[in-house]
Number of protein chains: 2
Amino acid sequence: MNKKSDTYHHGNLKEELISIALEMIENEGVEKITLRELGSRVGTSRSAIYRHFSSKNDLIQSVFIAGFEKLDKAILPSLQNDEYILTRLFNMGKEYINFAIKNPNIYRLLFGNNFSNEREESCDIEDKEIACGFHYLVAVVVQAQEKKLFKKDDPMKQAFVIHAMIHGVASMLIDNHSHIKENLDEIYKMSFDTLSSGMLLK
Amino acid sequence: MNKKSDTYHHGNLKEELISIALEMIENEGVEKITLRELGSRVGTSRSAIYRHFSSKNDLIQSVFIAGFEKLDKAILPSLQNDEYILTRLFNMGKEYINFAIKNPNIYRLLFGNNFSNEREESCDIEDKEIACGFHYLVAVVVQAQEKKLFKKDDPMKQAFVIHAMIHGVASMLIDNHSHIKENLDEIYKMSFDTLSSGMLLK
DNA sequence: AAATTATGTTGACAATGTTAACATAACAAG
DNA sequence: CTTGTTATGTTAACATTGTCAACATAATTT
């Protein structure tokens, strides 16, 4: 774990800070994180952080990006096997929701969080990251249209609707209606069927 | 505005604190609020708050409830006119999304926020409040089933799916895909059509 | 009128993000 | 190898914030 004396004084502090911060956020939520604890957890003083990040928010921004990479990594496998295209879409959504349930605090950081405003101000990579995951989805929608599975329509908008649905389910599962988690599979299937039967060509 | 010498020393401080706090959160977001500013904005010292709330979180919990009342008030009219039932559902969703767009910070407080955990611990009124708004929706779904508009299914689950979709659209509009706001009407109609055509009896 | 309770104020404290002044390791140049 | 420069890390201090205790005053009860 502790790759000291690799490159500089302490090893690769910056990456270690990001990964430990991600872990801490995953466990306790963004708002609970403190630079002092992060520093001591990683073996340095609190102020060392400022050699790698201009502020706490700057750090969190990096965790934000790392979180998206983690999400992408969790979803990618479901896209790469060449099953029936709707099955692929189904599995993708399922992995998405699984990620949210397994990492609710990270998921909250990525979507629907109070940090989005500040992010919009200073971070332009963000949009690329979001767009990245989103464009997987758009690509699948385009394929679905090409294979005459989906109605002909603006793929961006169809993808938006799909994403909104999946995000809505994920978000409500982790934040409000946790008692529904027991029927998760059933609920998800129902959401997906509703969605796709609204988009399918008949 | 300042109803002094009504009941006690200062008037009805508690309610005034809640309403000003709501206003402040609406303008700047939950995480920006400070008790000192709230105190001075309302004309008292910071510590007076502790005569009415046990902690900052306790205050925010009250704002949370007030926020739900505000949301209910914004949605109720769309439910009370006796149009075609699907039109009513459509309008309800539209008002819901309008509320989110007009009061994004309050909306974030109500749904998908980091406070939900702490709320779950100490506040049991919350569920009632959420259930309240949610049960409007369930009632409409039940009606839709009775009138043979919707497929026969568990109304709670159908309502959950509808709410998830609407919430997903609202949430993504205010947090991520703000560039879609221009096509809002179109996007919303598309979401709703997708939803209902997935639920309608054919 | 006196006592008790409800409400508000001031001062202090610990925790936190941030910065400045200082220290040291890595590296380049001579 | 020595020296200077840069990259990195440490400690001390500061302002802000939530919270609490001690004190003060108004309202209510007895």
Side-chain angles (χ1 to χ4, degrees), chain A residues 2-21 24-25 27-64 109 113-115 117-119 121-123, chain B residues 2-21 24-25 27-64 109 113-115 117-119 121-123:
Chain A
N2 245 338
K3 288 185 184 175
K4 298 211 174 193
S5 70
D6 259 351
T7 36
Y8 287 112
H9 294 189
H10 211 90
N12 49 349
L13 220 192
K14 183 165 186 172
E15 290 174 25
E16 214 173 311
L17 279 172
I18 294 176
S19 92
I20 301 272
M24 286 173 67
I25 291 178
N27 291 332
E28 320 181 55
V30 148
E31 71 282 0
K32 294 283 175 55
I33 217 178
T34 73
L35 294 186
R36 277 161 166 87
E37 195 189 339
L38 175 61
S40 75
R41 190 93 72 99
V42 95
T44 72
S45 131
R46 55 233 177 254
S47 270
I49 298 170
Y50 286 83
R51 298 294 161 187
H52 300 278
F53 303 96
S54 67
S55 68
K56 187 186 184 183
N57 251 308
D58 189 30
L59 200 196
I60 292 178
Q61 213 164 263
S62 293
V63 175
F64 170 82
L109 175 69
N113 232 326
N114 11 19
F115 280 81
N117 291 332
E118 292 146 31
R119 270 192 265 120
E121 287 165 12
S122 58
C123 172
Chain B
N2 244 339
K3 285 186 184 175
K4 299 213 175 191
S5 68
D6 257 351
T7 36
Y8 287 114
H9 293 187
H10 211 91
N12 49 349
L13 221 193
K14 183 165 186 173
E15 289 174 27
E16 214 172 312
L17 280 171
I18 294 176
S19 93
I20 302 271
M24 286 173 68
I25 291 178
N27 291 333
E28 320 181 54
V30 148
E31 70 284 0
K32 295 283 176 55
I33 218 179
T34 74
L35 295 186
R36 275 161 167 87
E37 195 189 338
L38 173 61
S40 76
R41 190 93 72 100
V42 96
T44 71
S45 129
R46 59 240 179 243
S47 271
I49 298 169
Y50 285 83
R51 298 294 161 186
H52 300 278
F53 304 95
S54 67
S55 68
K56 188 186 184 184
N57 251 308
D58 189 30
L59 199 196
I60 292 177
Q61 214 164 262
S62 292
V63 176
F64 171 82
L109 176 68
N113 232 328
N114 11 19
F115 280 82
N117 293 331
E118 292 146 32
R119 270 192 266 121
E121 286 165 15
S122 57
C123 172

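In the text below, chain A, chain B and the rest are named by the order of the sequence lines, each starting its count at 1.
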Side chains of [X] and [Y], heavy atoms from C-beta outward: is any pair under 4.5 Å?
| X | Y | answer |
| --- | --- | --- |
| B:Ile33 | B:Lys56 | yes |
| A:Ile18 | A:Phe53 | yes |
| A:Val42 | A:Ile49 | no |
| B:Gln61 | B:Asp58 | yes |

Between [atom2] on [N] and [atom1] on [X], what's the gap in Å once rounded to a whole number?
| X | N | atom1 | atom2 | value |
| --- | --- | --- | --- | --- |
| A:Glu37 | C:dA15 | CD | P | 13 Å |
| A:Lys14 | D:dT8 | NZ | P | 10 Å |
| A:Leu13 | C:dA26 | CG | C1' | 15 Å |
| A:Arg51 | C:dA23 | CZ | C1' | 11 Å |
| A:Phe53 | C:dT18 | CZ | C1' | 16 Å |
| B:Ile49 | C:dT10 | CD1 | C1' | 15 Å |
| B:Tyr50 | C:dT10 | OH | C1' | 15 Å |
| A:Leu38 | C:dA15 | CG | P | 18 Å |

Rounded distance (nearest 0.5 Å) linking atom [atom1] of [X] with atom [atom2] of [Y]:
| X | Y | atom1 | atom2 | result |
| --- | --- | --- | --- | --- |
| B:Ile25 | B:Glu31 | CD1 | CD | 9.5 Å |
| B:Glu16 | B:His52 | CD | NE2 | 10.5 Å |
| A:Asn12 | A:Leu17 | CG | CG | 9.5 Å |

Any chance CD of B:Glu15 has more than 12 other-residue heavy atoms, nucleotides or ligands included, within less than 6.0 Å?
no
Secondary structure of DNA chain D per the Watson-Crick/G-U criterion (both distances under 3.5 Å; [ ] crossing, | other strand, . unpaired) is ||||||||||||||||||||||||||||||
What do the steps show when you test A:Leu38 against A:Leu59 for side chain to side chain contact (heavy atoms under 4.5 Å, CB included), and what is the final call?
CA-CA 11 Å; A:Leu38 175 61; A:Leu59 200 196; 3.3 Å; yes
At under 4.0 Å, does any side-chain N or O of A:His52 touch on OP1 or OP2 of D:dG9?
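Yes.
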Find every protein N or O atom lying less than 3.5 Å from an N or O atom of nucleotides 11-17 of chain D, and list the pairs.
residue: D:dT11; atom: O4; partner: A:Ser47; partner atom: OG; Å: 3.2

